[in-house]
There are 2 protein chains.
Amino acid sequence: MPNGVRGLLVLPTLTHVENVLTPGGRALKHEAVREYVRDLVAGRHPGAPAPSERELVSRFGVARMTVRQALDALVAEGLLERVPGRGTFVAPPRRTATPVLSFREEMTARGMVPESQTLALRLEQAGAGVARALSISEGDAVVHWRRLRHADGAAMSVEDVYLNEVLLPGFLQGPVPSSLYDELAGRGLRPTWVEDAIGAGLASDDEARLLGLPVGTAVLRKQRRGLWQEKVIEVSRSVCRADRYMVRVNLGGSD
Amino acid sequence: MPNGVRGLLVLPTLTHVENVLTPGGRALKHEAVREYVRDLVAGRHPGAPAPSERELVSRFGVARMTVRQALDALVAEGLLERVPGRGTFVAPPRRTATPVLSFREEMTARGMVPESQTLALRLEQAGAGVARALSISEGDAVVHWRRLRHADGAAMSVEDVYLNEVLLPGFLQGPVPSSLYDELAGRGLRPTWVEDAIGAGLASDDEARLLGLPVGTAVLRKQRRGLWQEKVIEVSRSVCRADRYMVRVNLGGSD
DNA sequence: GAGTGGTCTAGACCACGAT
DNA sequence: TCGTGGTCTAGACCACTCT
């Protein structure tokens, strides 16, 4: 049986594979090997050895190219690294560029307790700037959500976010969402790409009052366009207390 | 001749390969195929078809797995994309997170003419903060370079950069470099990873004078750690005119 | 039906590292 | 010397798309 055989006569030798069969999905051998290895090395320290290719060949009864295809995927996603002449090992964690986080997630990651107070949530007509940023027409319906954000009980920022109403049917009907990004994630629209512009300025009277600042204090201003699959989902402007908040950004390759 | 044969009897069928042989390097077949295809599709519009796998097989006289290995590499680097049942095509350009750019490169990319004036360039002993950021000991020798930056003739920022002297022998001997990142690149030390912290504040008297600002003006403050291969190469603090400069950052996956 | 990429086989020789 | 990953062969069947 030279080729093309899938999960048929070979099954007796594939006892480990049956456990990782996707319930309703296909049972590709390289996927089975991949998930077996993934489970096997999950949580191991970097440098811990993975099974050798030939060991997996005999364990699964597959060809070596199939095993290599499985390991290639794990190497590509940064879980394993190959060392010629020595073996395959758990790779050290890769450095990643700053991920797209919500205010809640960002504060939690910094060990602070976030809080959010809705100051306004209503339907509006898009102004020129918001329309251009959202790639819609001036006057189109947008959801405007204004929130005052706290961390560990201290005011951090005031954020005005604008959303394309067409993409979010019923957004204003239900209860006020506790998290914008969670709400968008539930609709499969959480931004995976953001374009931020960060500047500095002086707090306006309104901003100073909301943030509890003296007039004339320096603040950080952040504008964001959040996209999902080429679609602009979110446009926002934030004013942040510069004495309590800095934007941290990691950029570059993984070297 | 079933296997392991490299650039020997097979050469007659590999007329296209000889042109891409690395002068002093090995001549791996999958590399030859990869570079042939890379050259072939260079500059083509996204969606343009690449040669089919079987066409490359017959053209190079290699096995299909070898061709797939070559194409896999090009797919992984985002140059090609496969469409099952249709073929292999030039992929649309991938969106990339903001690259690590020098001031010069950043201004040029914005269509402005950059200029840089050295205010100080000398050896110093690292203070506590700089030492910690550079992962060296307090009192170790550091190069301190202070520059006033202009774009289109207007003052933009004042930057203080600190470099680990041990990594840059002779840095202060030659003429003043025209570009820090070019100089580092020449030594194989240009940062490929940066960690920025961006905040806001009010210009000090000194900063206001250098930047031509009234006292009490809001400015952007940026701190950077630049790394190459886990080594901290550069630590810097910049003060930027907020009326002329915003930090732009793109983040996220490539969807 | 012809062509494409996706998967898979059952071997092989090589360079390299550890013993 | 033995085991490892790196490379390579000469086929095969599959699901899919396009005509």
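All values reported here derive from a predicted model rather than from experimental measurement. Order of the sequence lines sets the chain letters (A, B, ...), proteins ahead of strands, with each chain counted from 1.
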Residue whose closest nucleotide on DNA chain C lies nearer the 5' end, A:Val83 versus B:Arg86 | B:Arg86

Assign each of B:Gly85 and B:Met65 to its nearest nucleotide of DNA chain C by heavy atoms, then name whichever residue's nucleotide is nearer the 5' end.
-> B:Gly85

Can a side chain N or O of [X] be found less than 4.0 Å away from OP1 or OP2 on [N]?
{"X": "A:Thr88", "N": "D:dG5", "result": "yes"}
{"X": "A:Ser52", "N": "D:dT4", "result": "yes"}
{"X": "A:Thr66", "N": "C:dT9", "result": "yes"}

For [X] and [N], what is the distance between atoms [atom1] and [atom2] respectively, to the nearest whole Å?
{"X": "B:Phe60", "N": "D:dA10", "atom1": "CZ", "atom2": "P", "result": "16 Å"}
{"X": "A:Arg68", "N": "C:dT9", "atom1": "CZ", "atom2": "P", "result": "15 Å"}
{"X": "B:Leu71", "N": "C:dG5", "atom1": "CG", "atom2": "P", "result": "8 Å"}
{"X": "B:Leu28", "N": "D:dG6", "atom1": "CG", "atom2": "P", "result": "12 Å"}
{"X": "B:Glu53", "N": "D:dC8", "atom1": "CD", "atom2": "C1'", "result": "16 Å"}
{"X": "A:Arg54", "N": "C:dC13", "atom1": "CZ", "atom2": "C1'", "result": "11 Å"}
{"X": "A:Arg64", "N": "C:dC13", "atom1": "CZ", "atom2": "P", "result": "13 Å"}
{"X": "B:Glu55", "N": "C:dG3", "atom1": "CD", "atom2": "P", "result": "12 Å"}

Which atom pairs, donor and acceptor, lie under 3.5 Å between side-chain atoms of residues 69-79 of chain A and protein residues at least two apart or in another chain?
unit_1: A:Asp72; atom_1: OD1; unit_2: A:Arg82; atom_2: NH2; d: 2.0
unit_1: A:Glu77; atom_1: OE2; unit_2: A:Arg38; atom_2: NH1; d: 2.5

Could you go through the salt bridge (charged side-chain N to carboxylate O under 4.0 Å, His left out) check for A:Arg68 and A:Glu53 one step at a time?
-> CA-CA 7 Å; A:Arg68 284 183 64 78; A:Glu53 297 180 356; 2.9 Å; yes

With sequence neighbours excluded, tell me which residues meet side chain to side chain donor-acceptor pair (under 3.5 Å) with A:Arg110.
-> A:Glu106

After noting the C-alpha distance and the side-chain angles of A:Glu124 and A:Tyr162, does the key distance pass the side chain to side chain donor-acceptor pair (under 3.5 Å) rule?
-> CA-CA 9 Å; A:Glu124 295 181 358; A:Tyr162 297 85; 4.8 Å; no

Picking from C:dG6, D:dC8, C:dC8, which would you name as closest to the side chain of B:Pro84?
-> C:dG6

Shortest non-hydrogen contact between B:Gly252 and A:Val100, atoms and distance = CA-CG2, 4.0 Å

Mark yes or no for a side-chain to base donor-acceptor pair under 3.5 Å between A:Arg82 and D:dG6, with no hydrogen or angle criteria applied.
-> no

